[in-house]
Amino acid sequence: MSYQLIICEKPSAAMRIAYALGGTHVRRERYKGLPVFWLEIEGKRVAVVPALGHLYGVEQNSTGWSFPIFDLRWAPLKDRRKRMWIEAIAEIAKGADSYVCACDFDVEGSLIGYTILRYACGGVDIKAKRMRFSTLTKEELRSAYKNALGRLDYERVYAGKVRHEVDWIFGVNTSRALMDAMGRAGGGFEVLSAGRVQSPTLYALCRREVEINLHVPDPFWSLNSEVVIKGAKYPAEYKVKEFFSRKEAEDVAERCQGKRGYVKDVLVKRKRIPPPPPFNLGDLQREAYRVFGYSPSKTQRIAERLYLSAAVSYPRTSSQKLPHSLGLGRIIEKLGRTERYREAARRILEKGIVKPREGRSTDPAHPAIHPTGTLPKRMSGEEGRIFDLIVRRFFATFGEDAILEEREAVVEVNERDSFKVRARDLVESGWTEYYRPYVAWRKTEGQRFEVNDEAIFVRVDVEDKFTAPPERYTASKLIAYMERQGLGTKSTRAEIIDNLYRRGYIEGREIKVTDLGFAVVGILKRFFPELVSVKMTSALEGDMVEIESGRRDQVEVVLKVVDTMKPVFERIIEKYEEIGEELFGVMNQLRRNELGPCPKCRSGHMRIVRSKKSGKRFIGCDNYPNFCNFSFPIPQRGKISRSNADCNFCGFPIIEVKDGWKIWRFCVNAGCPSNKR
DNA sequence: GCAAGGTC
């Protein structure tokens with residue numbers, strides 16, 4: 001008897017879909033490692049199988065590392081597990097008589113389903129149906145199955161294909177151009193890269209770096225003051241915040257230091273602070289940076305581990321929604337079985353109505369990040385921290401509004417001098433109780449300042465200051481910038497930032513762009529300014545929308561991209577030497593310290609130089625020609641680096657050359673017996 | 001060895 005085949009995006013989704021459609025009669029088996037769910041719907045046999053995200057991707061239709069390449073094909077990704085799953089799905093598809101794509105209802109999901117149905121299942125995409133759903137709830141999945149579209153959503157599929165192909169054409173070709181130009185200039189091999197998302201991100205960092213460099217610090221003076229009212233100390237702010245001469249500030253300090261004033265006026269404002277929304281990935285990454293100092297990629301890795309151990313829900317989500325169907329009451333109850341969360345869970349459940357605060361962002365396939373109620377037996381310290389942050393944030397969304405009282409007093413010392421004193425009290429702690437220790441506001445006991453209270457100025461200090469340059473980005477701030485600009489996706493942003501570090505384009509926690517980063521952006525801007533612009537992404541998105549709505553043809557869009565890129569690469573090839581020299585020069589600076597001190601004069605550094613006469617590269621001392629004439633010939637190809645060892649014969653440094661898979665080492669002393677053969 | 005996007 002034949003059956004229907006339903007393709008899903010990932011294992012967890014396949015399981016949800018299988019149980020939603022099959023009720024209790026689901027039989028689970030493994031075929032070549034692939035989970036297969038067998039069930040019946042109205043007497044018809046059905047097999048539900050998962051993919052692992054993309055199983056197919058674009059690759060060049062030729063071999064080698066030449067450029068530019070425009071001829072691409074879709075092929076299985078080079079991953080053993082994925083290849084096994086493709087084989088397994090292909091065999092199961094042979095026995096099927098109808099097909100349904102039940103991947104996430106977005107561009108990438110539609111493409112994942114399409115490539116599998118087309119390339120693994122023998123072109124059955126043309127007779128497949130498409131389930132459309134926005135959450136993986138039972139009701140919605142059943143209705144999505146019943147009302148499935150009678151064909152694949154090809155418009156969305158084509159938009160996805162174009163996204164992949166265009167990114168490859170821009171990214172891989174430009175990266176190869178950079179690497180190749182540097183290699184030919186004698187700079188050896190180093191991984192360099194450029195792309196639609198990473199290059200505009202790096203450009204934004206460069207612009208900030210330039211602003212910082214252009215900043216001229218102006219001196220100014222300010223007062224740092226403290227006042228005691230009713231026995232409590234408060235910082236006080238003088239009515240003038242910036243003085244432009246030290247004398248002015250000193251005069252005020254002299255008039256006020258140690259003096260008694262009185263509270264002339266008090267302004268009280270009450271603010272209602274609703275609970276924060278539940279986490280999506282970006283929120284979690286920013287919050288974990290704020291409270292633990294974790295980088296976004298670290299937080300993501302930890303959250304993914306917690307997801308794999310079933311402690312938290314799917315972390316790669318942009319949703320800030322917690323639909324009732326998640327069984328929120330049950331989750332709270334399960335968490336409440338542990339000592340740690342007992343009290344909070346009890347108080348939330350006591351209220352009766354379990355309704356969380358939600359945020360505005362949604363996600364086509366997942367709810368906000370939340371605990372599942374399962375507690376993993378073992379968690380590392382880091383996992384425990386992130387887990388606790390997620391649990392307490394989840395609890396907080398069920399809390400009442402917090403009420404903050406802000407009191408602002410005007411304190412007068414004499415007729416000329418007055419200060420502002422601010423105090424903030426938590427009147428109703430509401431949700432903040434659940435979110436401790438991650439929120440600092442506390443209820444304050446004791447008296448509050450009132451009109452006519454005495455105020456003693458225990459400190460009025462003059463401070464020398466300078467106007468500050470704009471702040472550097474941190475990875476956390478950079479993620480927020482990328483989100484605002486629509487650069488990358490929730491799943492890729494952290495990884496792309498990591499990549500910029502790995503390439504040596506940026507460094508430091510407060511991100512600084514290196515000379516190499518500047519050189520790459522400079523070259524891109526000269527030859528292909530669009531690639532450093534955030535508009536590149538919006539333009540591609542515009543094209544994708546037009547393809548999705550059927551107004552434009554996918555092939556035409558890719559051809560247009562090829563047409564705009566061809567002259568760009570021609571220009572690059574014309575200026576190959578210039579580009580190569582520039583990268584080579586910068587690389588050399590970076591490698592200066594890597595090669596180590598000069599073994600002859602001991603004060604300079606070894607570096608790679610290129611002879612003006614012969615065009616060949618060699619190792620020379622950077623004290624040449626003034627104090628030192630050390631030199632040593634090296635192979636013209638390959639990456640040069642200092643090895644950890646010194647020569648056994650003469651003690652000179654050993655240099656390593658890596659060219660593809662070949663590695664060889666030699667001593668940099670031309671007169672050393674190890675070099676005589 | 002190169003992009004950006006999905007997923008373990």
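The chains referred to below are lettered A, B, ... by the order of the sequence lines, with proteins before strands, and numbering in each begins at 1.
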TODO: Give the nucleotide from the list B:dG5, B:dA4, B:dT7 with an atom nearest to the side chain of A:Asp104.
DONE: B:dT7

TODO: Kindly write out the residues that satisfy side chain to side chain contact (heavy atoms under 4.5 Å, CB included) with A:Pro296, not counting sequence neighbours, or none if the list is empty.
DONE: A:Gln285, A:Ala475, A:Ile479, A:Ala494

- [ ] Using only heavy-atom distances, determine whether the side chains of A:Arg286 and A:Ser476 contain a donor-acceptor pair under 3.5 Å.
- [x] no

TODO: For A:Glu9, report the nucleic acid contact type (base, sugar-phosphate, nothing); a contact means any heavy atom under 4.0 Å.
DONE: sugar-phosphate

TODO: Tell me what A:Ala194 touches on the nucleic acid: a base, only sugar-phosphate, or nothing, going by heavy atoms under 4.0 Å.
DONE: sugar-phosphate

TODO: Compare the minimum distances between each of B:dG5, B:dG1, B:dT7 and the side chain of A:Lys10, then state the nucleotide with the smallest one.
DONE: B:dT7

Open item on the list: Would you say A:Tyr307 places a side-chain N or O within less than 4.0 Å of OP1 or OP2 belonging to B:dT7?
Closed with: no

Open item on the list: For a quick check of understanding: with a heavy-atom distance under 4.0 Å over all strands, which category does A:Val58 fall into, base, sugar-phosphate or nothing?
Closed with: base

Task: Sugar-phosphate, base or nothing in reach of A:Glu495, heavy atoms under 4.0 Å - done: nothing

Open item on the list: Any base atoms under 4.0 Å from A:Val191, or only sugar-phosphate, or nothing? Heavy atoms, all strands.
Closed with: sugar-phosphate

TODO: Determine the contact category for A:Arg80: base if any of its heavy atoms lies under 4.0 Å from a base atom, sugar-phosphate if only primed atoms, P, OP1 or OP2 are that close, otherwise nothing.
DONE: nothing

Open item on the list: Please tell me whether A:Tyr289 and A:Tyr294 form a close aromatic pair, meaning their ring centres lie under 6.0 Å apart.
Closed with: no

Open item on the list: I want to verify a distance call: between B:dG5, B:dA3, B:dT7, whose nearest atom is closest to the A:Ser193 side chain?
Closed with: B:dA3

